[in-house]
Number of protein chains: 2
Amino acid sequence: MENVDSLKKILGSHKLRITDCRLHVIQLFLTERKALSQGDLENQLNQYDRVTLYRTLNSFLDSGIIHKIPNSEGVATYGLCHETCSPNQHDHNHIHFKCNSCGQIQCLDDKSVPNVMVPEGYHIEAVNMIVDGVCAKCA
Amino acid sequence: MENVDSLKKILGSHKLRITDCRLHVIQLFLTERKALSQGDLENQLNQYDRVTLYRTLNSFLDSGIIHKIPNSEGVATYGLCHETCSPNQHDHNHIHFKCNSCGQIQCLDDKSVPNVMVPEGYHIEAVNMIVDGVCAKCA
DNA sequence: AAATTATATGCAACTCAGTTGCATATAATT
DNA sequence: AATTATATGCAACTGAGTTGCATATAATTT
């Protein structure tokens, strides 16, 4: 169970008002430790309106608390950011692991993205790596 | 201008009927040489119904002619496959480059994805790399 | 502590990407 | 030429995500 004061501190440091909904959403990201969609939030936080959850996710996205994870599924998924991220500057050169068995997407923060080569003249700003496979739990 | 016979051959080798719409869609992928969305097709192939274009993309996806490119935009984008791809086995360990200036997504087929490390117990099946930056044309 | 301000929330309605159903057209096979 | 399988167009639908408005509420000011 995460300390409420540390949750409030996250909101405060990103200049966001502290509301129950927002505290619960951050709490869920911290306890689940995987990527979450609006639908995931909706399933587990029944007391909040679905529009509110969309807006909460967008507020968090705008303020650098979460980042969007590229995928092909037609449903947006979000992962928690590091403290180093800001609204304008996301630092997400980490690996996203999508398990084809359980469907979960995880941010593998402890594994760094290898150096990547691009053709002459191309400038790299960010690298996102999506690994498909089977996670340790399902293997 | 691509040779119609080679276009027909692509369809034939994937067990698909040869229709005008399908020929035009493949043609567009081959001439544009970048990722395309249904909307891109619709804008440039006005003579076909939008549902037909969705269905054509899905047929090509199912038969291994194109692959979906993960992204965060809320609109599906597709890139042309290699001849080695099949319905069940896609071989797309290449880099997708998203230009933040012009918005285009390209498959950098000539650049290979570097080896990736995942935690103990995780099995890798496919790796997808999305590089954000500025392409050579916009830099 | 009360008043004010700024913004979060709920509800209804909307937009748009993608899909389905059905009838007809058409490519491929017999 | 006839038949079969499937591609296409049209209308309608679904669902993810967004907008507008009134009200609630967190934060700031008085």
Side-chain angles (χ1 to χ4, degrees), chain A residues 4-5 7-28 35-63 65-78 87 103 105, chain B residues 4-5 7-28 35-63 65-78 87 103 105:
Chain A
V4 180
D5 282 334
L7 301 184
K8 290 184 177 180
K9 196 170 172 185
I10 295 174
L11 289 174
S13 67
H14 288 91
K15 308 285 195 285
L16 290 182
R17 287 187 175 194
I18 293 158
T19 67
D20 280 350
C21 178
R22 288 171 171 175
L23 292 173
H24 277 117
V25 170
I26 296 186
Q27 174 80 56
L28 201 57
L36 297 172
S37 66
Q38 189 277 346
D40 295 328
L41 301 186
E42 201 171 340
N43 288 338
Q44 297 196 45
L45 302 171
N46 306 311
Q47 64 269 46
Y48 300 111
D49 185 69
R50 78 179 189 96
V51 174
T52 299
L53 294 172
Y54 274 116
R55 284 172 169 152
T56 300
L57 284 170
N58 284 326
S59 293
F60 286 1
L61 201 54
D62 290 344
S63 63
I65 295 179
I66 59 175
H67 62 286
K68 252 191 183 180
I69 300 172
N71 75 79
S72 310
E73 310 299 322
V75 175
T77 58
Y78 306 88
I105 302 175
Chain B
V4 180
D5 283 334
L7 302 184
K8 291 184 177 179
K9 195 169 173 187
I10 295 173
L11 289 173
S13 67
H14 288 91
K15 305 287 193 287
L16 290 181
R17 287 189 174 194
I18 294 159
T19 68
D20 281 351
C21 176
R22 287 172 172 176
L23 292 173
H24 277 113
V25 170
I26 296 189
Q27 174 80 56
L28 200 57
L36 299 172
S37 66
Q38 188 276 347
D40 295 328
L41 300 187
E42 202 171 337
N43 288 338
Q44 297 195 49
L45 301 172
N46 306 309
Q47 64 270 46
Y48 301 110
D49 185 69
R50 77 181 190 94
V51 175
T52 300
L53 295 172
Y54 274 115
R55 286 174 167 147
T56 301
L57 285 170
N58 283 327
S59 294
F60 286 0
L61 200 54
D62 291 344
S63 63
I65 295 180
I66 58 175
H67 62 285
K68 252 191 182 182
I69 300 172
N71 75 80
S72 310
E73 311 299 321
V75 175
T77 57
Y78 305 88
I105 301 175

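Below, read A as the first sequence line, B as the second, and so on, with proteins coming before strands; counting in each chain starts at 1.
- Rounding to the nearest 0.5 Å places NE2 of B/H14 at 8.0 Å from CD1 of B/I10.
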| Please walk me through it: do A/L61 and A/L57 pass side-chain contact (heavy atoms from CB on, under 4.5 Å)? | CA-CA 6 Å; A/L61 201 54; A/L57 284 170; over 6 Å; no
| field | Contact state string [nucleotides 24-30 of chain C, B base, S sugar-phosphate only, - no protein heavy atom under 4.0 Å] | value | --BBS--
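- Contact record, B/K68 with A/S72: NZ-O, 3.2 Å, taken as the closest heavy-atom pair.
- Whole-Å rounding puts the A/E42 CD to C/dC11 C1' distance at 14 Å.
- In this structure, A/I18 and A/L7 have side chains that are not in contact, with every pair of non-hydrogen atoms separated by 4.5 Å or more.
- Of all heavy-atom pairs between A/L16 and A/S63, the closest is CD1-OG, 3.5 Å.
- OP1 or OP2 of D/dG17 has not a single side-chain nitrogen or oxygen of A/N58 nearer than 4.0 Å.
- To the nearest 0.5 Å, atoms CD (A/Q27) and CG (A/D20) are separated by 12.0 Å.
- Counting to the nearest Å, the C1' atom of C/dT9 and the CG atom of A/L41 are 16 Å from each other.
- B/R22 places its CZ atom 16 Å from the P atom of D/dA5, with the value rounded to the nearest Å.
- Partners of A/E73 by salt bridge (charged side-chain N to carboxylate O under 4.0 Å, His left out), not counting sequence neighbours, listed by chain and number: A/K98.
- At a threshold of 4.0 angstrom between heavy atoms, the contacts of A/G74 are confined to the sugar-phosphate backbone, with no base atom among them.
- For A/Y54, there are no ring pair (Phe, Tyr, Trp, His ring centres under 6.0 Å) partners two or more places apart in sequence or in a different chain.
- For B/L61 and C/dT19, the CG to C1' distance is 14 Å, given to the nearest whole Å.
- Helical stems of DNA chain C (runs of at least 3 Watson-Crick or G-U pairs, donor-acceptor distances under 3.5 Å) are listed by first residue: C:1-30 with D:1-30.
- Rounded to whole angstrom, the span from the CD atom of A/E73 across to the C1' atom of D/dG15 amounts to 15 Å.
- For residues 45-57 of chain A, proximity to DNA chain D is found at A/R50, A/V51, A/Y54, A/R55, defined as any non-hydrogen atom under 4.0 angstrom from a strand atom.
- With rounding to whole Å, A/K15 atom NZ is found 19 Å from C/dA8 atom C1'.
- The residue among B/T77 and A/S59 whose nearest nucleotide of DNA chain C is located toward the 5' end is A/S59.
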| request: Could you please spell out the steps behind the side-chain contact (heavy atoms from CB on, under 4.5 Å) verdict for A/R22 and A/F60? | output: CA-CA 9 Å; A/R22 288 171 171 175; A/F60 286 1; 3.8 Å; yes
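- In this structure the side chain of B/C21 reaches within 4.5 angstrom of the side chain of B/L53, judged on heavy atoms.
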Return all side-chain donor-acceptor pairs below 3.5 angstrom for residues 40-47 of chain A, not counting sequence neighbours, or 'none' if the list is empty.
| residue | atom | partner | partner atom | Å |
| --- | --- | --- | --- | --- |
| A/D40 | OD2 | A/S37 | N | 2.8 |
| A/D40 | OD2 | A/S37 | OG | 3.1 |
| A/E42 | OE1 | A/Q38 | NE2 | 3.0 |
| A/N43 | ND2 | A/G39 | O | 3.2 |

